[in-house]
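Input: a single structure, listed below in C-alpha coordinates.
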Number of protein chains: 2
Amino acid sequence: MESHLSITEVAAHTGLSAHTLRYYERAGLIAPVARAPGGQRRYAAADLEWIGFLLRLRETRMSIGQMQVFARLRGEGAASTAERRQMLETHLQEVEASIKAMQDAARALQAKIEHYRTLEASLQDTPKKTGRTKPCP
Amino acid sequence: MESHLSITEVAAHTGLSAHTLRYYERAGLIAPVARAPGGQRRYAAADLEWIGFLLRLRETRMSIGQMQVFARLRGEGAASTAERRQMLETHLQEVEASIKAMQDAARALQAKIEHYRTLEASLQDTPKKTGRTKPCP
DNA sequence: CTAAAAGTTTGAGTGCACTCCAAGTCAAGC
DNA sequence: GCTTGACTTGGAGTGCACTCAAACTTTTAG
(Lines give C-alpha, C1' and ligand atoms only; values in the text may rest on other atoms or scores of the structure.)
Protein backbone atom coordinates (compact mmCIF):
# COMPACT_ATOMS: atom_id res chain seq x y z
CA MET A 1 0.00 0.00 0.00
CA GLU A 2 2.87 2.36 -0.80
CA SER A 3 1.54 5.80 -1.58
CA HIS A 4 3.91 7.26 -4.18
CA LEU A 5 2.41 10.71 -4.00
CA SER A 6 3.80 13.67 -5.89
CA ILE A 7 4.83 16.80 -4.03
CA THR A 8 1.65 18.68 -5.00
CA GLU A 9 -0.48 15.82 -3.76
CA VAL A 10 1.35 15.80 -0.45
CA ALA A 11 1.03 19.57 -0.29
CA ALA A 12 -2.72 19.31 -0.78
CA HIS A 13 -2.94 16.52 1.77
CA THR A 14 -0.88 18.19 4.50
CA GLY A 15 -1.64 21.85 3.98
CA LEU A 16 2.05 22.62 3.57
CA SER A 17 3.16 24.24 0.33
CA ALA A 18 5.42 22.36 -2.09
CA HIS A 19 8.00 25.04 -1.32
CA THR A 20 7.80 24.27 2.36
CA LEU A 21 8.01 20.52 1.79
CA ARG A 22 11.26 21.00 -0.15
CA TYR A 23 12.48 23.42 2.50
CA TYR A 24 11.80 20.89 5.26
CA GLU A 25 13.69 18.25 3.34
CA ARG A 26 16.63 20.59 2.75
CA ALA A 27 16.61 21.49 6.43
CA GLY A 28 16.78 17.83 7.38
CA LEU A 29 13.32 17.63 8.94
CA ILE A 30 12.33 15.09 6.31
CA ALA A 31 14.80 12.45 5.17
CA PRO A 32 15.60 12.45 1.44
CA VAL A 33 12.42 11.35 -0.29
CA ALA A 34 12.38 8.58 -2.90
CA ARG A 35 12.52 9.72 -6.51
CA ALA A 36 10.76 8.71 -9.71
CA PRO A 37 13.07 7.86 -12.66
CA GLY A 38 12.93 11.48 -13.82
CA GLY A 39 14.03 12.79 -10.43
CA GLN A 40 10.65 13.83 -9.06
CA ARG A 41 9.77 13.16 -5.46
CA ARG A 42 7.53 10.24 -4.61
CA TYR A 43 6.31 10.28 -1.03
CA ALA A 44 5.59 6.99 0.71
CA ALA A 45 2.99 6.42 3.42
CA ALA A 46 5.70 6.51 6.07
CA ASP A 47 6.75 9.96 4.86
CA LEU A 48 3.20 11.22 5.23
CA GLU A 49 3.00 9.81 8.72
CA TRP A 50 6.22 11.54 9.70
CA ILE A 51 5.12 14.82 8.14
CA GLY A 52 1.92 14.53 10.14
CA PHE A 53 3.97 14.21 13.28
CA LEU A 54 6.09 17.20 12.31
CA LEU A 55 2.86 19.16 11.93
CA ARG A 56 1.94 18.22 15.49
CA LEU A 57 5.27 19.59 16.62
CA ARG A 58 4.70 22.73 14.60
CA GLU A 59 1.19 23.20 15.96
CA THR A 60 2.68 23.13 19.41
CA ARG A 61 5.24 25.74 18.32
CA MET A 62 8.35 23.62 18.40
CA SER A 63 11.07 25.52 16.54
CA ILE A 64 12.59 24.23 13.32
CA GLY A 65 15.88 23.96 15.18
CA GLN A 66 14.39 21.61 17.77
CA MET A 67 12.67 19.59 15.08
CA GLN A 68 16.02 19.23 13.34
CA VAL A 69 17.47 17.75 16.50
CA PHE A 70 14.52 15.42 16.85
CA ALA A 71 14.72 14.35 13.21
CA ARG A 72 18.42 13.66 13.55
CA LEU A 73 17.79 11.49 16.62
CA ARG A 74 15.12 9.63 14.73
CA GLY A 75 17.62 8.97 11.97
CA GLU A 76 19.88 7.36 14.55
CA GLY A 77 17.27 4.67 15.13
CA ALA A 78 16.11 2.86 18.24
CA ALA A 79 19.19 3.81 20.23
CA SER A 80 17.91 7.37 20.56
CA THR A 81 14.47 6.43 21.85
CA ALA A 82 15.12 7.63 25.39
CA GLU A 83 16.52 10.92 24.17
CA ARG A 84 13.58 11.50 21.89
CA ARG A 85 11.15 10.71 24.69
CA GLN A 86 12.93 13.20 26.93
CA MET A 87 12.77 15.88 24.25
CA LEU A 88 9.05 15.30 23.84
CA GLU A 89 8.47 15.34 27.60
CA THR A 90 10.27 18.64 27.97
CA HIS A 91 8.44 20.06 25.02
CA LEU A 92 5.09 18.81 26.25
CA GLN A 93 5.59 20.53 29.58
CA GLU A 94 6.25 23.81 27.82
CA VAL A 95 3.21 23.26 25.63
CA GLU A 96 0.99 22.62 28.59
CA ALA A 97 2.25 25.73 30.31
CA SER A 98 1.62 27.67 27.14
CA ILE A 99 -1.89 26.29 26.85
CA LYS A 100 -2.61 27.34 30.41
CA ALA A 101 -1.27 30.82 29.71
CA MET A 102 -3.46 31.09 26.64
CA GLN A 103 -6.48 29.92 28.57
CA ASP A 104 -5.87 32.51 31.25
CA ALA A 105 -5.45 35.20 28.62
CA ALA A 106 -8.56 34.01 26.82
CA ARG A 107 -10.54 34.38 30.03
CA ALA A 108 -9.26 37.92 30.39
CA LEU A 109 -10.31 38.67 26.83
CA GLN A 110 -13.72 37.21 27.51
CA ALA A 111 -14.04 39.47 30.55
CA LYS A 112 -13.07 42.45 28.41
CA ILE A 113 -15.72 41.50 25.87
CA GLU A 114 -18.34 41.35 28.62
CA HIS A 115 -17.17 44.71 29.83
CA TYR A 116 -17.62 46.17 26.36
CA ARG A 117 -21.06 44.61 26.14
CA THR A 118 -22.33 46.25 29.31
CA LEU A 119 -20.71 49.48 28.18
CA GLU A 120 -22.50 49.33 24.86
CA ALA A 121 -25.78 48.54 26.60
CA SER A 122 -25.53 51.57 28.86
CA LEU A 123 -24.44 53.79 25.98
CA GLN A 124 -27.00 52.74 23.38
CA ASP A 125 -30.04 51.24 25.06
CA THR A 126 -30.54 53.64 27.90
CA PRO A 127 -28.33 56.70 27.83
CA LYS A 128 -29.61 57.74 31.27
CA LYS A 129 -26.94 57.21 33.89
CA THR A 130 -24.00 58.35 31.78
CA GLY A 131 -26.13 60.35 29.34
CA ARG A 132 -23.30 62.07 27.54
CA THR A 133 -24.86 62.07 24.06
CA LYS A 134 -25.81 65.78 24.21
CA PRO A 135 -29.60 65.57 23.75
CA CYS A 136 -30.57 68.34 26.19
CA PRO A 137 -32.30 71.69 25.84
CA MET B 1 -1.62 56.79 43.29
CA GLU B 2 0.15 57.71 40.06
CA SER B 3 3.01 55.33 39.46
CA HIS B 4 5.66 57.38 37.65
CA LEU B 5 7.81 54.38 36.89
CA SER B 6 10.93 54.58 34.78
CA ILE B 7 11.26 52.45 31.67
CA THR B 8 13.56 49.96 33.42
CA GLU B 9 11.10 49.57 36.25
CA VAL B 10 8.28 48.92 33.80
CA ALA B 11 10.52 46.49 31.94
CA ALA B 12 11.21 44.59 35.16
CA HIS B 13 7.54 44.64 36.03
CA THR B 14 6.18 43.49 32.68
CA GLY B 15 8.94 41.23 31.44
CA LEU B 16 9.26 43.30 28.28
CA SER B 17 12.66 44.83 27.54
CA ALA B 18 13.11 48.60 27.58
CA HIS B 19 13.87 48.25 23.86
CA THR B 20 10.53 46.58 23.28
CA LEU B 21 8.65 49.14 25.34
CA ARG B 22 10.05 51.92 23.16
CA TYR B 23 9.35 49.86 20.07
CA TYR B 24 5.73 49.38 21.11
CA GLU B 25 5.37 53.09 21.69
CA ARG B 26 6.93 53.93 18.33
CA ALA B 27 4.63 51.39 16.69
CA GLY B 28 1.60 53.05 18.25
CA LEU B 29 0.67 50.17 20.56
CA ILE B 30 1.27 52.42 23.54
CA ALA B 31 0.22 56.07 23.42
CA PRO B 32 3.05 58.58 23.97
CA VAL B 33 4.09 58.20 27.58
CA ALA B 34 4.43 61.17 29.95
CA ARG B 35 7.94 62.57 30.37
CA ALA B 36 10.01 63.79 33.29
CA PRO B 37 11.46 67.31 32.90
CA GLY B 38 14.61 65.80 31.41
CA GLY B 39 12.67 63.90 28.75
CA GLN B 40 12.67 60.46 30.37
CA ARG B 41 9.55 58.33 30.27
CA ARG B 42 7.37 58.14 33.35
CA TYR B 43 4.76 55.43 33.15
CA ALA B 44 1.45 55.89 34.95
CA ALA B 45 -0.70 53.13 36.44
CA ALA B 46 -3.03 53.30 33.44
CA ASP B 47 -0.08 52.67 31.14
CA LEU B 48 0.82 49.56 33.08
CA GLU B 49 -2.74 48.32 32.91
CA TRP B 50 -2.82 48.81 29.16
CA ILE B 51 0.54 47.13 28.71
CA GLY B 52 -0.80 44.22 30.73
CA PHE B 53 -3.69 43.96 28.32
CA LEU B 54 -1.32 44.11 25.34
CA LEU B 55 0.55 41.21 26.90
CA ARG B 56 -2.68 39.22 27.01
CA LEU B 57 -3.12 39.90 23.32
CA ARG B 58 0.45 38.88 22.67
CA GLU B 59 0.12 35.70 24.72
CA THR B 60 -2.77 34.77 22.51
CA ARG B 61 -0.62 35.48 19.44
CA MET B 62 -2.37 38.57 18.17
CA SER B 63 -0.08 40.17 15.60
CA ILE B 64 1.44 43.60 16.14
CA GLY B 65 -0.56 44.77 13.13
CA GLN B 66 -3.84 43.77 14.78
CA MET B 67 -2.80 45.31 18.05
CA GLN B 68 -2.06 48.53 16.19
CA VAL B 69 -5.61 48.54 14.87
CA PHE B 70 -6.97 47.85 18.33
CA ALA B 71 -4.84 50.55 19.91
CA ARG B 72 -5.96 53.06 17.30
CA LEU B 73 -9.60 52.22 18.00
CA ARG B 74 -8.96 52.63 21.69
CA GLY B 75 -7.54 56.06 20.97
CA GLU B 76 -10.81 56.98 19.29
CA GLY B 77 -12.62 56.57 22.58
CA ALA B 78 -16.01 55.17 23.50
CA ALA B 79 -17.35 55.44 19.94
CA SER B 80 -15.24 52.47 18.93
CA THR B 81 -16.42 50.16 21.70
CA ALA B 82 -18.48 47.95 19.42
CA GLU B 83 -15.68 47.62 16.91
CA ARG B 84 -13.20 46.73 19.62
CA ARG B 85 -15.56 44.15 21.05
CA GLN B 86 -15.97 42.61 17.59
CA MET B 87 -12.22 42.46 17.11
CA LEU B 88 -11.81 40.71 20.42
CA GLU B 89 -14.63 38.29 19.69
CA THR B 90 -13.11 37.32 16.36
CA HIS B 91 -9.71 37.00 17.95
CA LEU B 92 -11.05 34.97 20.85
CA GLN B 93 -12.62 32.49 18.45
CA GLU B 94 -9.30 32.01 16.72
CA VAL B 95 -7.59 31.65 20.06
CA GLU B 96 -10.02 29.00 21.20
CA ALA B 97 -9.57 27.08 17.97
CA SER B 98 -5.83 27.35 18.41
CA ILE B 99 -6.05 26.10 21.99
CA LYS B 100 -8.08 23.12 20.85
CA ALA B 101 -5.53 22.36 18.12
CA MET B 102 -2.72 22.55 20.64
CA GLN B 103 -4.58 20.27 23.02
CA ASP B 104 -5.13 17.72 20.29
CA ALA B 105 -1.48 17.90 19.32
CA ALA B 106 -0.44 17.64 22.97
CA ARG B 107 -2.48 14.45 23.29
CA ALA B 108 -0.72 13.04 20.23
CA LEU B 109 2.64 13.92 21.78
CA GLN B 110 1.60 12.26 25.01
CA ALA B 111 0.70 9.12 23.06
CA LYS B 112 4.08 9.19 21.36
CA ILE B 113 5.79 9.49 24.71
CA GLU B 114 3.87 6.45 25.98
CA HIS B 115 4.87 4.59 22.85
CA TYR B 116 8.52 5.40 23.50
CA ARG B 117 8.16 4.26 27.10
CA THR B 118 6.85 0.82 26.18
CA LEU B 119 9.53 0.63 23.50
CA GLU B 120 12.22 1.40 26.04
CA ALA B 121 10.78 -1.12 28.47
CA SER B 122 10.83 -3.92 25.91
CA LEU B 123 14.31 -2.96 24.76
CA GLN B 124 15.99 -2.52 28.15
CA ASP B 125 14.10 -4.36 30.88
CA THR B 126 13.28 -7.63 29.18
CA PRO B 127 14.82 -8.15 25.78
CA LYS B 128 12.75 -11.33 25.34
CA LYS B 129 9.96 -10.79 22.84
CA THR B 130 11.92 -8.62 20.47
CA GLY B 131 15.31 -9.89 21.63
CA ARG B 132 17.36 -8.17 18.98
CA THR B 133 20.34 -7.30 21.22
CA LYS B 134 22.43 -10.19 19.89
CA PRO B 135 23.04 -12.16 23.13
CA CYS B 136 22.67 -15.64 21.66
CA PRO B 137 25.04 -18.59 21.39
C1' DC C 1 5.71 16.22 -31.97
C1' DT C 2 4.64 20.09 -29.48
C1' DA C 3 2.98 23.00 -25.90
C1' DA C 4 1.74 23.54 -21.33
C1' DA C 5 2.00 22.07 -16.79
C1' DA C 6 4.56 20.38 -13.11
C1' DG C 7 8.83 19.25 -11.29
C1' DT C 8 14.00 20.21 -10.06
C1' DT C 9 18.00 23.09 -7.95
C1' DT C 10 20.56 26.95 -5.57
C1' DG C 11 20.29 31.09 -3.78
C1' DA C 12 18.03 35.24 -2.75
C1' DG C 13 14.03 37.81 -0.77
C1' DT C 14 10.13 38.65 2.62
C1' DG C 15 7.57 39.74 6.82
C1' DC C 16 7.45 39.63 11.50
C1' DA C 17 8.88 40.87 16.05
C1' DC C 18 12.06 42.24 18.07
C1' DT C 19 17.09 43.74 19.23
C1' DC C 20 20.99 46.37 18.93
C1' DC C 21 24.06 50.43 17.64
C1' DA C 22 25.86 55.06 17.72
C1' DA C 23 25.87 59.33 19.33
C1' DG C 24 24.22 62.09 22.28
C1' DT C 25 21.58 63.87 26.91
C1' DC C 26 20.40 63.49 31.76
C1' DA C 27 20.81 62.07 36.75
C1' DA C 28 23.24 60.57 40.94
C1' DG C 29 27.28 59.80 43.78
C1' DC C 30 31.94 61.27 45.19
C1' DG D 1 33.20 69.29 38.49
C1' DC D 2 33.59 64.66 37.02
C1' DT D 3 32.52 60.14 36.28
C1' DT D 4 29.34 56.46 35.93
C1' DG D 5 25.16 54.70 34.72
C1' DA D 6 20.50 55.28 32.93
C1' DC D 7 18.04 57.29 29.35
C1' DT D 8 17.06 59.41 24.58
C1' DT D 9 16.65 59.07 19.28
C1' DG D 10 16.62 57.16 14.41
C1' DG D 11 18.06 53.75 11.89
C1' DA D 12 20.27 49.42 11.08
C1' DG D 13 20.68 44.45 12.08
C1' DT D 14 19.03 39.71 13.58
C1' DG D 15 16.71 35.24 13.63
C1' DC D 16 13.03 32.71 12.33
C1' DA D 17 10.09 30.38 9.10
C1' DC D 18 9.02 30.47 5.23
C1' DT D 19 8.49 32.09 0.11
C1' DC D 20 9.91 33.18 -4.28
C1' DA D 21 13.03 33.67 -8.56
C1' DA D 22 15.53 31.90 -12.33
C1' DA D 23 16.99 28.59 -15.19
C1' DC D 24 16.42 24.23 -16.26
C1' DT D 25 14.29 19.23 -16.96
C1' DT D 26 10.45 16.02 -17.04
C1' DT D 27 5.72 14.67 -17.63
C1' DT D 28 1.29 14.93 -19.66
C1' DA D 29 -2.46 16.30 -22.89
C1' DG D 30 -3.75 17.15 -27.47
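Here the structure is a predicted model, which is why all the values come from computation and not from measurement. Residue numbers start from 1 in every chain, and the chains themselves are labelled A, B, ... in the order their sequence lines are given, proteins ahead of strands.
The distance from atom CD1 of B:Ile7 to atom C1' of D:dA6 is 11 Å, rounded to the nearest whole Å. Nucleotide C:dA27 holds its P atom 13 Å from the CZ atom of B:Arg35, rounded to whole Å. Rounding to whole angstrom units, CG of residue A:Leu21 and P of C:dA6 are separated by 16 Å.
Between B:Glu114 and B:Gln110, the side chains place a donor N or O and an acceptor N or O closer than 3.5 Å (distance only, hydrogens not considered).
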Please report, to 0.1 Å, the donor-acceptor pairs under 3.5 Å made by any side chain of residues 9-21 of chain A, with sequence neighbours excluded.
| residue | atom | partner | partner atom | Å |
| --- | --- | --- | --- | --- |
| A:Glu9 | OE1 | A:Ser6 | N | 2.7 |
| A:Glu9 | OE1 | A:Ser6 | OG | 3.4 |
| A:Thr14 | OG1 | A:Val10 | O | 2.8 |
| A:Thr14 | OG1 | A:Leu16 | N | 3.1 |
| A:Ser17 | OG | A:His19 | N | 3.4 |
| A:Ser17 | OG | A:Thr20 | N | 3.0 |
| A:Ser17 | OG | A:Thr20 | OG1 | 2.8 |

Under 3.5 Å, sequence neighbours excluded: what are the donor-acceptor pairs made by side chains of residues 45-59 of chain B?
| residue | atom | partner | partner atom | Å |
| --- | --- | --- | --- | --- |
| B:Asp47 | OD2 | B:Ala44 | N | 2.9 |
| B:Trp50 | NE1 | B:Leu29 | O | 2.7 |

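One axis for each end of the helix from C:dC1-D:dG30 to C:dC30-D:dG1, each built from five base pairs, and the angle between them comes to 10° at 10° resolution.
A sub-4.0 Å separation between OP1 or OP2 of C:dG11 and a side-chain N or O of A:Arg22 is absent. Under 4.0 angstrom from either OP1 or OP2 of C:dA6 there lies no side-chain N or O belonging to A:Ser6. Residue A:Arg41 places at least one side-chain N or O under 4.0 Å from the OP1 or OP2 atom of C:dT9.
In this structure, the side-chain contact (heavy atoms from CB on, under 4.5 Å) partners of A:Ala82, at least two apart in sequence or on a different chain, are A:Arg85, B:Glu120. Applying the side-chain contact (heavy atoms from CB on, under 4.5 Å) criterion to B:Glu96, with sequence neighbours excluded, gives B:Leu92. Partners of A:Ala78 according to the side-chain contact (heavy atoms from CB on, under 4.5 Å) rule, which considers only residues two or more places apart in sequence or in another chain, are A:Thr81, B:Leu123.
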Reading 5' to 3' through nucleotides 13-30 of chain D, protein heavy-atom contacts under 4.0 Å coded B for base, S for sugar-phosphate only, - for none: ----BBBB-----SS---
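The list of salt bridge (Lys or Arg N to Asp or Glu O under 4.0 Å) pairs with a residue in residues 11-29 of chain A, not counting sequence neighbours, reads A:Glu25-A:Arg35, A:Glu25-A:Arg41. Counting only residues at least two apart or in different chains, salt bridge (Lys or Arg N to Asp or Glu O under 4.0 Å) contacts with residues 63-72 of chain A comprise A:Arg72-A:Glu76.
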